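Computed over heavy atoms, backbone and side chain alike; hydrogens, waters and symmetry mates excluded. Here the structure is a predicted model, which means the values were calculated and not measured.
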Amino acid sequence: MSVELLNPSGLPVSDVYAQVAVARGSRTLYLAGQVARTADGEPVGTGDLAAQTEQAFLNVATALAGAGATFADVAKLTVYVVDWDPSKFAAFGEGAGRAAARLGVDPVKPVTLVGVSALGEPDLLVEIDAIAVCD
């Protein structure tokens, strides 16, 4: 595997993310932010953070596959959520969990979650970008 996840001693350990990813490989992939859209550009889950999170993660997996990579190759995720506050964590986690189950992957990666006032289109609630390293 090209990405090894670590939780070094002296840092808090979380069930939902790893503190460090050590990536080794010959190709680095930088994904554009993925949102809740079908391949035809149709919105998914209008007003539903869990549904939009699930679709965004599915789109990340599709983008990775298109470049010959898998979710196991992801070294870092950045998640942007509109009007983030801790009360939204359950819905975000539900969507991420559903996507992980559908894809058969472990979603635990180094991740940065950023609260934003808006995304590129008014119906979007979440956007996920990824950096992956693979052989």
Side-chain angles (χ1 to χ4, degrees):
M1 190 148 62
S2 60
V3 178
E4 176 187 6
L5 301 177
L6 304 173
N7 285 299
S9 178
L11 295 175
V13 175
S14 171
D15 293 337
V16 295
Y17 67 91
Q19 292 287 359
V20 176
V22 178
R24 295 175 182 87
S26 57
R27 294 188 310 135
T28 305
L29 288 64
Y30 299 90
L31 275 59
Q34 299 299 310
V35 297
R37 295 284 187 267
T38 66
D40 295 326
E42 295 298 316
V44 173
T46 301
D48 182 342
L49 179 59
Q52 288 199 19
T53 299
E54 179 180 8
Q55 185 64 45
F57 270 108
L58 294 175
N59 289 350
V60 167
T62 299
L64 290 165
T70 69
F71 204 82
D73 298 313
V74 172
K76 174 80 166 69
L77 295 169
T78 303
V79 178
Y80 304 91
V81 180
V82 173
D83 298 327
W84 175 260
D85 70 65
S87 70
K88 295 184 178 185
F89 190 77
F92 174 78
E94 178 186 337
R98 288 194 317 234
R102 285 180 66 180
L103 296 167
V105 301
D106 182 353
V108 174
K109 301 289 179 180
V111 62
T112 299
L113 192 149
V114 182
V116 297
S117 61
L119 292 167
E121 296 179 44
D123 65 309
L124 296 174
L125 300 175
V126 64
E127 185 166 338
I128 303 170
D129 71 41
I131 299 170
V133 178
C134 54
D135 296 321

Same cluster for Phe92 and Tyr17 if Ile/Leu/Val/Met/Phe/Trp/Tyr side chains link at under 4.5 Å? yes
For Val133, the other hydrophobic cluster members (4.5 Å side-chain criterion, sorted by chain and number) are none
Heavy-atom closest pair (Ala18 atom, Val108 atom, distance to 0.1 Å) is N-CG1, 3.7 Å
Next on the checklist: Please say yes or no: joined through hydrophobic side-chain contacts below 4.5 Å, possibly via intermediate residues, are Val126 and Phe89 part of one cluster?
Outcome noted: yes
Do Arg24 and Glu4 have side-chain heavy atoms sitting under 4.5 Å apart?
yes
Show me the donor-acceptor pairs within less than 3.5 Å that the side chains of residues 59-66 make with the rest of the protein, sequence neighbours left out.
| from | atom 1 | to | atom 2 | distance (Å) |
| --- | --- | --- | --- | --- |
| Asn59 | OD1 | Gln55 | NE2 | 2.9 |
| Asn59 | ND2 | Val35 | O | 2.7 |
| Asn59 | ND2 | Arg37 | O | 2.9 |
| Thr62 | OG1 | Leu58 | O | 3.1 |

Here the pair of heavy atoms bringing Pro43 nearest to Thr46 is CB-OG1, 4.1 Å
In this structure, CD1 of Ile128 is separated from CG of Leu113 (nearest 0.5 Å) by 9.5 Å
Note: Ala36 and Leu124 closest approach over all heavy atoms is N-CD2, 4.2 Å
Notebook entry, point to check: Is the closest side-chain heavy-atom distance between Gln19 and Ser14 below 4.5 Å?
Noted result: no
Residues Ala67 and Leu29: closest non-hydrogen pair is CB-CD2, 3.2 Å
Could you pull out all donor-acceptor pairs under 3.5 Å where a side-chain atom in residues 75-86 meets a protein atom, sequence neighbours excluded?
| from | atom 1 | to | atom 2 | distance (Å) |
| --- | --- | --- | --- | --- |
| Lys76 | NZ | Thr112 | OG1 | 2.7 |
| Asp85 | OD1 | Ser87 | N | 2.8 |
| Asp85 | OD1 | Ser87 | OG | 2.3 |

Between Ala96 and Thr53 the two heavy atoms that sit nearest each other are N-CG2, 3.6 Å
Hydrophobic cluster membership, Val111 vs Leu103, 4.5 Å side-chain cutoff:
yes
> Do Lys109 side-chain atoms and Ala21 backbone N/O form a donor-acceptor pair below 3.5 Å?
Replying inline: no
Margin query: Quick one, Pro107 and Val16 - any side-chain contact, counting heavy atoms below 4.5 Å?
Written below: no
For Leu11, the hydrophobic cluster (side chain heavy atoms closer than 4.5 Å, chained through members) also holds none
TODO: Determine yes or no for a side-chain-to-main-chain donor-acceptor pair under 3.5 angstrom, with Gln52 supplying the side chain and Gly45 the backbone.
DONE: yes
Tracing side-chain contacts under 4.5 Å among Ile, Leu, Val, Met, Phe, Trp and Tyr outward from Val44 reaches none
Residue set satisfying side-chain hydrogen bond (donor to acceptor under 3.5 Å, both in side chains) with Arg27, at least two apart, ordered chain then number -> none
Nearest heavy-atom approach of Ile131 to Thr28 is CG2-CG2, 4.1 Å
